[in-house]
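Reading through the structure tokens given below for one structure.
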Amino acid sequence: MWAFQSPRTFQLPLLPKQSFQTPLSSKHSSVSLQSSNINQIVQSLCRQGNLKQALQILPNEPNPTQHTYELLILSCSRRKSLSDAITVHRQIVDDGFDQDPFLATKLINMYSDLDSIENARYVFDKTHNKTIFVWNAIIRALALAGQGDEALSLYYWMNQIGVPSDRFTYPYVLKACVTSSLPVSLLRRVQEIHAHIVRHGLESHVHVATTLVDAYAKFGCVSYACRVFDEMPERNVVSWSAMIACYAKNGRSFEALDLFHEMMTRTHDAIPNSVTMVSVLQACASIASLGQGKLMHGYVLRRGLDSILTVINALVSMYAKCGSLKIGRHIFDRMGKRDVVSWNSMISGYGIHGYGEEAIQVFNQMITTGISPNSITFVSVLGACSHVGLVNEGKRLFQSMIQEYRIFPSAEHYACMVDILGRAGHLDEAAKVVEDMRIEPGPTVWGSLLGACRIHCNVELAERACLRLFELEPKNAGNYVLLADIYAEAKMWEEMNKVKKLLEAKGLQKVPGCSWIEIKKKIYAFMSVDELNPQIEQLHALLVQLSAEMKDRGYIPDTKVVLYELDQTEKEQIILGHSEKLAVAFGLINSNYGETIRITKNLRLCEDCHSVTKFISKFANREILVRDVNRFHHFKDGVCSCGDYW
DNA sequence: CCTTCATGTA
């Protein structure tokens with residue numbers, strides 16, 4: 001339960017009293033302007049955005065009005081000037097208006113806009129007559145400043161002293177839950193607030209319910225979010241966008257797209273906007289549906305949303321992730337304005353397609369253009385290096401990130417370095433990177449070390465990584481499977497069985513492999529054991545035939561990923577039924593000769609599928625593009641673009 | 001006075 005904390009009080013953060021340096025500095029000066037005129041002049045100067053002059057004239061007004069101060073405050077927010085803000089605040093205090101709750105609310109919002117949360121808090125603490133507006137303003141300010149805990153603390157305080165919260169309080173109380181850093185179950189907190197909302201009869205309010213959807217989404221509780229959304233009596237674009245984003249962010253892309261279609265067909269009051277489209281494009285990207293993505297691009301053009309930066313960035317990223325780097329690049333080249341996200345999208349696009357040098361080239365162009373790289377830029381460019389094995393380039397970039405760009409390496413950056421070194425076979429160096437880390441190595445770092453051990457079959461190091469990983473991610477079946485794979489490859493059957501038993505004892509299951517392919521705008525998904533597909537027998541027959549022909553040409557099925565004690569023929573049958581092979585066979589039968597077969601897979605490609613697909617690309621003379629969890633593989637003439645390095 | 005969105009790693 002939440003422990004009630006008495007709110008902290010802040011020291012006076014205001015600047016010392018300033019004296020005005022203008023000849024009009026005293027409000028008792030003998031300027032001949034009429035007082036009522038001065039109020040109006042100050043107000044009109046504020047409306048024109050001439051804050052400096054307004055401030056100069058203000059001291060001449062013997063009776064400034066609340067409205068004059070309000071305009072001054074709004075001016076400061078707009079001009080982003082903290083020093084002017086403090087001057088205005090000082091004047092309000094001097095003139096005895098500081099206990100006006102209306103102005104206090106405005107001051108809190110002003111300081112919040114100027115990222116000066118201490119001053120906002122000072123105003124709040126000094127205001128005796130704390131109206132609901134004042135409370136809402138400070139909770140909003142704290143939540144936006146990332147001080148969720150403090151915001152929640154005030155919310156509980158206002159409940160305790162009997163101030164009734166309203167529909168304006170809850171959106172920011174919920175935001176506070178998302179930014180809170182307390183080690184208590186945060187989902188429980190959202191549920192608790194949800195109960196308060198119901199008690200106040202606010203659950204059907206559009207803004208409150210929308211924030212509730214978003215809060216549940218942020219904690220990965222799709223079903224709760226969905227329930228709130230379904231029960232909303234009234235929904236607007238924002239509500240629809242929040243629910244679509246909830247699906248897209250939580251790996252439920254098909255539901256995101258379905259909901260978008262429902263939004264388009266069933267409602268007349270909610271027209272998708274740029275925010276909606278960004279989430280929809282993200283959903284298309286994560287399932288690599290080029291067909292859906294193009295449809296959405298068409299919609300973006302028809303709605304005139306194609307000049308909005310976030311949308312264009314989402315398009316660049318979507319095309320790259322759907323396998324069409326060319327279209328992505330084309331859009332990128334035609335952008336009038338590019339921000340750091342645009343560049344990052346392009347860099348990672350090259351990275352996932354295995355074009356490491358090009359990714360670095362784009363990175364260099366970005367620097368020459370004068371855009372400062374951020375932390376994500378380096379994750380992208382380092383990721384690009386690891387896909388191609390650019391070890392020295394990777395090391396150099398990592399150093400320059402720290403020394404030139406003063407970006408402190410995060411666990412993700414270290415994970416990239418471990419991946420670059422480990423994948424290239426420098427396992428000791430990779431292990432040393434982990435040892436020398438100045439922050440706690442998280443699951444990502446250990447995970448990439450384990451991945452490298454899998455490739456190079458290093459049992460000892462893998463065990464070390466798993467020791468930490470099983471602790472950090474007890475429910476991630478993938479780690480157990482990787483370790484079992486490594487034992488299997490090292491022919492350590494006893495140990496392998498132990499890991500398998502451990503996995504079973506924990507009630508965890510291997511994530512089933514799934515591949516899908518889009519034919520004529522329809523998506524067909526395959527699982528390894530798939531009797532639902534009407535063509536399944538035809539697919540199996542084709543694969544058996546292909547397998548036989550391949551064996552004549554020297555193909556030896558690689559069955560080491562099969563962790564069951566079966567004879568060789570049975571193992572071969574299992575791997576021949578891998579979802580990716582089914583999808584390839586389906587593509588061969590159901591698409592036209594000359595068309596590229598595009599397949600997406602939810603896991604990393606297994607080695608056997610990789611060599612079979614290489615063979616098929618030559619044998620059937622077809623280009624096959626496969627996106628696995630990490631990257632693209634472009635198969636052509638019996639060769640893969642990854643150069644068997646993946 | 002309030003609500004939705006973009007880039008990356010394993």
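Each chain gets a letter, A, B and so on, in the order the sequences are listed, and its residues count up from 1.
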Next on the checklist: Please determine whether a side-chain nitrogen of the Lys or Arg among A/Lys395 and A/Glu429 lies less than 4.0 Å from a carboxylate oxygen of the Asp or Glu.
Outcome noted: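 A salt bridge links A/Lys395 with A/Glu429.
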Checklist entry - Going by an N to O cut-off under 4.0 Å, is there a salt bridge joining A/Glu393 and A/Arg396? => result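 Yes, charged N to carboxylate O under 4.0 Å.
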Rounded to the nearest Å, what distance is computed from the [atom1] atom of residue [X] to the [atom2] atom of nucleotide [N]?
{"X": "A/Asp339", "N": "B/dC5", "atom1": "CG", "atom2": "C1'", "result": "13 Å"}
{"X": "A/Ile193", "N": "B/dT3", "atom1": "CD1", "atom2": "P", "result": "17 Å"}
{"X": "A/Tyr216", "N": "B/dT3", "atom1": "OH", "atom2": "C1'", "result": "16 Å"}
{"X": "A/Trp240", "N": "B/dT4", "atom1": "CH2", "atom2": "C1'", "result": "14 Å"}
{"X": "A/His207", "N": "B/dC1", "atom1": "NE2", "atom2": "P", "result": "11 Å"}
{"X": "A/Leu382", "N": "B/dT7", "atom1": "CG", "atom2": "P", "result": "19 Å"}
{"X": "A/Trp646", "N": "B/dT9", "atom1": "CH2", "atom2": "P", "result": "18 Å"}
{"X": "A/Met346", "N": "B/dT7", "atom1": "CE", "atom2": "P", "result": "15 Å"}

Checklist entry - Which of these, A/Leu427, A/Ile486, A/Leu461, sits in a side-chain contact (heavy atoms from CB on, under 4.5 Å) with A/His456? => result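 The single option meeting the side-chain contact (heavy atoms from CB on, under 4.5 Å) with A/His456 is A/Leu427.
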Heavy atoms under 4.0 Å, any strand shown: does [X] hit a base, just sugar-phosphate, or nothing?
{"X": "A/Thr105", "value": "nothing"}
{"X": "A/Asp214", "value": "sugar-phosphate"}
{"X": "A/Asp419", "value": "sugar-phosphate"}
{"X": "A/Lys106", "value": "nothing"}
{"X": "A/Arg454", "value": "nothing"}
{"X": "A/Tyr172", "value": "sugar-phosphate"}
{"X": "A/Asn236", "value": "base"}
{"X": "A/Ala137", "value": "nothing"}

Choosing from [options], which nucleotide comes nearest the side chain of [X]?
{"X": "A/Asn273", "options": "B/dA6, B/dC1, B/dT4", "value": "B/dT4"}
{"X": "A/Asn374", "options": "B/dA6, B/dT7, B/dC2", "value": "B/dT7"}
{"X": "A/Ile376", "options": "B/dC2, B/dC1, B/dT7", "value": "B/dT7"}
{"X": "A/His205", "options": "B/dC2, B/dG8, B/dC5", "value": "B/dC2"}
{"X": "A/Val275", "options": "B/dT4, B/dT3, B/dC1", "value": "B/dT4"}
{"X": "A/Cys416", "options": "B/dT9, B/dT4, B/dT7", "value": "B/dT9"}
{"X": "A/Pro171", "options": "B/dT9, B/dA6, B/dC2", "value": "B/dC2"}

Side-chain N,O ([X]) to OP1/OP2 ([N]) below 4.0 Å:
{"X": "A/Ser348", "N": "B/dG8", "answer": "yes"}
{"X": "A/Lys218", "N": "B/dT4", "answer": "no"}
{"X": "A/Arg631", "N": "B/dG8", "answer": "no"}
{"X": "A/Lys249", "N": "B/dA6", "answer": "yes"}
{"X": "A/Lys321", "N": "B/dA6", "answer": "no"}

Item to check | Worked verdict on A/Asn313 versus A/Thr310 for side chain to side chain donor-acceptor pair (under 3.5 Å) | outcome: CA-CA 5 Å; A/Asn313 289 343; A/Thr310 54; over 6 Å; no
Checklist entry - How are the rings of A/Tyr350 and A/Tyr355 set relative to one another: parallel (under 30°), tilted (30 to 60°) or perpendicular (over 60°)? => result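 The arrangement is perpendicular - the two ring planes meet at more than 60°.
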Item to check | Plane angle bin for A/His207 and A/His205 - parallel if under 30°, tilted between 30 and 60°, otherwise perpendicular | outcome: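 Answer is perpendicular, since the angle exceeds 60°.
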Next on the checklist: Are A/Trp240 and A/Phe260, when compared by the centres of their aromatic rings, separated by less than 6.0 Å?
Outcome noted: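 Between A/Phe260 and A/Trp240, which both carry aromatic rings, the centre distance is not below 6.0 Å.
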Item to check | Distance-only donor-acceptor test (3.5 Å): side chain A/Ser345, base B/dT7 | outcome: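 Result: no qualifying N/O pair found.
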Checklist entry - Hey, is A/Phe168 stacking on B/dC1? Ring centres under 5.5 Å, planes under 30°. => result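 A/Phe168 vs B/dC1: stacking yes.
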